[in-house]
Amino acid sequence: MNKKLQLITTHNYSLINYLKVFQKKLQLLDTTIQPQSNQPNGQFTFITTQIQIYSLYDSSNLFYLTEDKDTINILLNSDSNTNGCTQWFHFQVQALKPTVTIKFKILNNRRSQQLLTNSKPYTSKSACFDLHYYKTNIHHPYYANDDSYIAKYQQLMPFYTLEFKFTFQDEEIITFAYAQPYPLSRALTLTDYKTIGYTQLNNPIIQIKRGKAKQYVVILARQHPSETSGSFVVEQLINIINSTKYRYIIYPMVNPDGVFLGNSRCNLHGVDLNRKWINPQLSSEPEVYYIKQSLEKYKQKIIMMVDLHGHSTKQHYFIYGCANNQNNNNEIKNLIAKFQNHSLFNLNYCSLETQANRKSTARQTFWYQYKVQFSITIEISLFGSQNGRFSNSDYKEIAQQIYNSIEKCNEPIADQATLPMIKSLSDEQNESDSECEQDFVHDMVKKKDTYQETKKFLFKQKTIQAETQSIQQDQQLKQLLLPQIKTIKSMTKSEHKSSTKMEFENQMKVKQDSFQKNFNIINYFPQRNTQPKRMSSIKKELNQNKYPQIKIEQLKKYQIL
């Protein structure tokens with residue numbers, strides 16, 4: 001059985017049950033997903049009269065599908081152990097007959113800002129059309145849910161629908177993905193790698209070394225699984241590097257579990273690895289733990305760290321650096337100046353901002369913990385440039401430019417007047433996609449905690465209100481009874497004695513009337529002139545329930561015995 005199939009069918013990685021969230025939309029009741037047998041090119045997931053869909057292979061991501069005429073409704077599986085982090089999708093479709101047009105609707109996207117409408121999703125052949133990206137109308141009664149928690153989740157966590165059409169011309173298998181896929185299996189075909197540790201799923205954390213020198217350059221890629229452009233660039237770098245100036249230590253697949261599972265941002269434990277570089281834990285983020293451990297003996301010799309990421313809301317590629325004084329600022333600007341004339345580079349998106357709440361990212365940790373002067377993040381758009389997605393030749397060109405600039409990073413500044421003008425980040429709209437934009441995991445947890453705290457507060461308020469109401473009712477009852485209590489206290493001794501005697505006589509009369517009503521003594525004690533029955537026959541008749549049975553306790557109560 002496929003390794004990913006074993007993992008997904010034995011674990012529930014999604015904390016949010018999307019089947020419940022979209023229950024009415026998808027016309028589901030108590031639907032459960034049953035594992036299917038493994039098929040070529042992935043796990044056979046869904047079949048209609050026109051197409052069949054495959055998933056559950058390396059880096060794929062689908063959670064559930066339903067058919068509505070010529071429309072396929074899709075739910076994505078959220079990142080492992082997170083509260084609704086969804087962005088990456090990857091699946092394959094095969095038509096069962098030629099010339100079939102199908103509409104696909106991915107209902108539970110979590111990012112509001114996308115370039116999908118400009119660049120379109122990745123397809124292995126031809127292109128999709130009639131593409132729309134809009135907010136899912138989760139408040140419509142069509143989506144309403146009786147579960148109060150799910151209903152509250154729908155209000156707090158808006159979803160976005162990606163809708164597009166595709167025409168299948170033959171029975172060839174077509175791949176659909178958020179960006180061009182780069183699975184874990186491809187990274188493991190790279191040559192000359194060394195395994196420095198293993199993840200929770202027993203996937204290797206690999207390290208590749210290139211060049212020979214006493215100064216080191218560290219290159220990271222794929223901290224976030226959905227940012228595949230970083231992997232295509234680092235693969236080209238591995239093929240290009242042949243340096244005698246620096247020793248390159250490359251980690252081409254920092255998050256192998258996340259890539260394998262089809263996550264968007266996190267590893268198996270739901271951890272964003274680019275938040276854990278200060279003090280990584282072996283139990284929850286072994287990937288960063290083993291990388292830092294492997295670099296311990298080189299940390300005094302590292303002169304540059306390059307962290308390769310993919311960006312989903314900006315085109316081209318650009319750089320984020322670290323600077324806190326004019327001299328360092330100029331040196332970083334001198335490095336960035338070597339990129340500014342490259343046709344695929346965008347200087348306007350670059351920044352040297354260092355934010356206090358991002359200290360635990362790789363870029364800032366290498367800068368202030370290892371004292372690495374050139375610690376940078378290179379953001380490579382997942383949607384390419386105005387000319388479309390980046391091709392393999394584009395990735396090779398970007399890699400060559402990065403390598404040439406690294407080799408010249410320590411060149412003296414010839415003319416400070418030629419240094420580029422770089423604007424710092426000013427608002428969230430311009431922040432790094434990998435560091436500062438929407439941090440899904442923390443955002444989800446924060447909103448969930450807010451909801452739980454609100455729920456506790458409302459419950460506490462309800463309890464206080466109930467207690468207050470009870471106290472008010474007691475006070476009202478006391479006010480009603482108070483005149484009667486005062487009347488009783490104001491009675492004289494003789495009046496009180498008379499009242500007590502009357503109450504006693506009334507009680508005795510009630511007891512006698514009740515006894516006469518419920519028991520007929522003649523039925524139990526025959527008259528003397530009748531022939532008495534034997535005790536055995538009396539017991540027999542009593543057992544047959546011919547006559548009512550007298551309980552001794554009742555006779556004692558009424559003073560018969």
Check: [X]/[Y] side-chain N/O donor and acceptor closer than 3.5 Å:
| X | Y | result |
| --- | --- | --- |
| Q87 | R111 | yes |
| S185 | D58 | yes |
| T167 | T101 | yes |
| N267 | D257 | no |
| E235 | Y395 | no |
| H316 | Q386 | yes |
| Y54 | Q94 | yes |
| T136 | Y143 | no |
| T377 | H309 | no |
| D307 | Q223 | yes |

Give, for atom [atom1] of [X] and atom [atom2] of [Y], the distance between the pair rounded to the nearest 0.5 Å.
| X | Y | atom1 | atom2 | result |
| --- | --- | --- | --- | --- |
| I53 | T48 | CD1 | OG1 | 7.5 Å |
| R222 | F232 | CZ | CZ | 8.0 Å |
| W88 | S226 | CH2 | OG | 7.0 Å |
| D68 | L26 | CG | CG | 9.5 Å |
| S264 | L76 | OG | CG | 7.5 Å |
| L268 | N255 | CG | CG | 9.5 Å |

At their closest point, which heavy atom of [X] faces which heavy atom of [Y], and how far apart are they?
| X | Y | value |
| --- | --- | --- |
| F383 | S312 | CE1-O, 3.4 Å |
| Q154 | H139 | O-CE1, 4.2 Å |
| F89 | P121 | CZ-CB, 3.9 Å |
| R389 | L116 | NH2-CD2, 4.5 Å |
| I206 | Y251 | O-CD2, 3.6 Å |
| Y289 | L282 | CD2-CD1, 3.6 Å |

For [Y], is there any backbone N or O sitting under 3.5 Å from a side-chain donor or acceptor partner on [X]?
| X | Y | value |
| --- | --- | --- |
| S360 | R275 | yes |
| T365 | A362 | no |
| D130 | K165 | no |
| N263 | C266 | yes |
| T66 | I72 | no |
| N77 | N61 | no |
| T228 | P181 | no |
| S60 | S55 | no |
| N145 | K20 | yes |
| H269 | S283 | yes |

Student check: side-chain heavy atoms of [X] and [Y] closer than 4.5 Å:
| X | Y | answer |
| --- | --- | --- |
| F176 | I74 | no |
| V306 | L237 | no |
| F260 | T199 | no |
| K25 | K105 | yes |
| Y18 | T86 | yes |
| M253 | Y182 | yes |
| V259 | N203 | no |
| L96 | I47 | yes |

Given the side-chain rings of [X] and [Y], with only the six-membered ring counted for Trp, is the space between their centroids under 6.0 Å?
| X | Y | answer |
| --- | --- | --- |
| Y57 | H90 | yes |
| F318 | H311 | yes |
| F22 | F159 | yes |
| Y317 | F345 | yes |
| F104 | F166 | no |

| So Y320 and R363, side chain to side chain contact (heavy atoms under 4.5 Å, CB included) or not? Walk me through it. | CA-CA 9 Å; Y320 291 99; R363 174 170 65 102; 3.9 Å; yes
| said: Could you go through I51 and F46, starting from their C-alpha distance and side-chain angles, then the distance that decides it, and tell me whether this counts as side chain to side chain contact (heavy atoms under 4.5 Å, CB included)? | reply: CA-CA 8 Å; I51 61 171; F46 194 75; 6.0 Å; no
| Angle class for the Y142/H140 ring planes (parallel below 30°, perpendicular above 60°, tilted otherwise)? | perpendicular
Strictly below 4.0 Å, N to O, side chains only: are [X] and [Y] in salt-bridge contact?
| X | Y | answer |
| --- | --- | --- |
| D79 | R110 | no |
| D272 | R265 | yes |
| E172 | K125 | yes |

| query | Is it the case that more than 12 heavy atoms not belonging to D146 sit under 6.0 Å from its CG atom? | reply |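 Atom CG in D146 is not packed in, count stays at 12 or less.
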| query | More than 12 heavy atoms of other residues, nucleotides or ligands under 6.0 Å from OH of Y198: is that the case? | reply |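 Count not over threshold, so no.
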| request: Before giving the answer on side chain to side chain contact (heavy atoms under 4.5 Å, CB included), spell out for D394 and N387 the whole-Å C-alpha distance, their side-chain angles and the decisive distance to 0.1 Å. | output: CA-CA 11 Å; D394 291 331; N387 298 324; over 6 Å; no
| Stepwise side chain to side chain contact (heavy atoms under 4.5 Å, CB included) check, Q169 with S126 | CA-CA 10 Å; Q169 300 293 343; S126 186; over 6 Å; no
